[in-house]
Amino acid sequence: MTTWQRNTVLAVVLLVASSGFSPGDADGSPTPSDESMTGEVGTVTDMDPSFDVRSLPDGFPSELIPDSFTAGMYAELGSIRNVNFESPSSFDDVVGAYTDKIGEEPIIAQGEERLAQWTVDIWAVSVVESTP
């Protein structure tokens with residue numbers, strides 16, 4: 001038996017035209033504005049096993065809620081809204097389910113973690129497989 005376990009995390013982030021970031025520093029990197037620094041944002045370690053999807057904001061697309069999950073969280077940071085779900089399902093199974101729901105193939109990146117991403121209207125959807 002190995003000493004590590006793989007987790008699949010689904011992150012859904014609201015994309016907004018005025019995302020709270022200024023055009024950037026001289027090197028082109030974005031710099032947070034005052035608005036983006038308000039509010040709180042959690043980390044994946046803040047996932048709640050008793051997360052209730054009824055706490056999601058009005059208008060959250062129900063098709064982006066996974067069929068099953070073991071924990072979840074919702075956080076706001078200025079105008080950015082972030083929803084995370086943790087699933088016991090494999091990365092490939094979660095990606096397959098979202099590909100079916102969204103109707104298009106994701107962008108996939110592989111390295112130390114595997115990442116699949118889609119854009120759905122004003123939401124960015126990411127599925128990440130990580131090793132804790």
Side-chain angles (χ1 to χ4, degrees):
M1 187 154 159
T2 62
T3 58
W4 58 270
Q5 166 188 7
R6 291 202 176 268
N7 290 320
T8 302
V9 175
L10 168 69
V12 182
V13 178
L14 175 66
L15 298 175
V16 288
S18 173
S19 65
F21 282 88
S22 67
D25 290 337
D27 66 359
S29 61
T31 54
S33 69
D34 290 340
E35 179 186 353
S36 69
M37 300 307 290
T38 62
E40 291 184 24
V41 66
T43 63
V44 174
T45 58
D46 295 330
M47 299 284 257
D48 181 0
S50 61
F51 181 74
D52 187 347
V53 296
R54 292 177 292 189
S55 66
L56 292 171
D58 291 339
F60 184 82
S62 61
E63 67 271 13
L64 299 184
I65 298 171
D67 297 331
S68 66
F69 59 92
T70 54
M73 66 169 282
Y74 172 72
E76 291 186 23
L77 181 61
S79 60
I80 306 278
R81 294 179 180 180
N82 184 34
V83 182
N84 293 313
F85 298 99
E86 186 174 82
S87 173
S89 301
S90 74
F91 176 85
D92 294 329
D93 288 346
V94 173
V95 168
Y98 273 90
T99 298
D100 290 345
K101 287 181 178 194
I102 294 170
E104 62 184 65
E105 293 292 321
I107 297 170
I108 298 204
Q110 295 193 57
E112 290 185 28
E113 299 179 328
R114 291 199 300 168
L115 170 69
Q117 292 186 311
W118 300 262
T119 301
V120 179
D121 297 324
I122 58 172
W123 295 92
V125 179
S126 299
V127 176
V128 180
E129 180 183 61
S130 62
T131 54

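No hydrogens, no waters, no symmetry mates; every other heavy atom, side chains included, goes into these values.
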Considering all heavy atoms, the nearest S87-V94 contact: OG-CG2, 3.9 Å
Min side-chain heavy-atom separation W123-P61 under 4.5 Å: yes
Spacing of CD1 belonging to I107 relative to CG belonging to L115, to within rounding of 0.5 Å: 9.0 Å
T99 versus W118, closest heavy-atom pair with distance: OG1-CZ2, 3.5 Å
4.5 Å side-chain heavy-atom contact, Y74 and D48: no
Nearest non-hydrogen partners of M73 and A75, listed with the distance: CE-CB, 3.9 Å
Ring geometry between F51 and F85 (parallel below 30°, tilted from 30 to 60°, perpendicular above 60°): perpendicular
Stepwise side-chain contact (heavy atoms from CB on, under 4.5 Å) test for F60 and I65: CA-CA 9 Å; F60 184 82; I65 298 171; 3.6 Å; yes
Criterion side-chain contact (heavy atoms from CB on, under 4.5 Å) on D67 and K101, from CA distance to verdict: CA-CA 10 Å; D67 297 331; K101 287 181 178 194; 3.1 Å; yes
Distance-minimising heavy-atom pair for M47 and V9: CE-CG1, 4.3 Å
Contact check, side chains of S126 and Q117, non-hydrogen atoms, under 4.5 Å: yes
Separation of E63 CD from D100 CG (nearest 0.5 Å): 13.5 Å
pair R114-D92: side-chain heavy atoms closer than 4.5 Å: yes
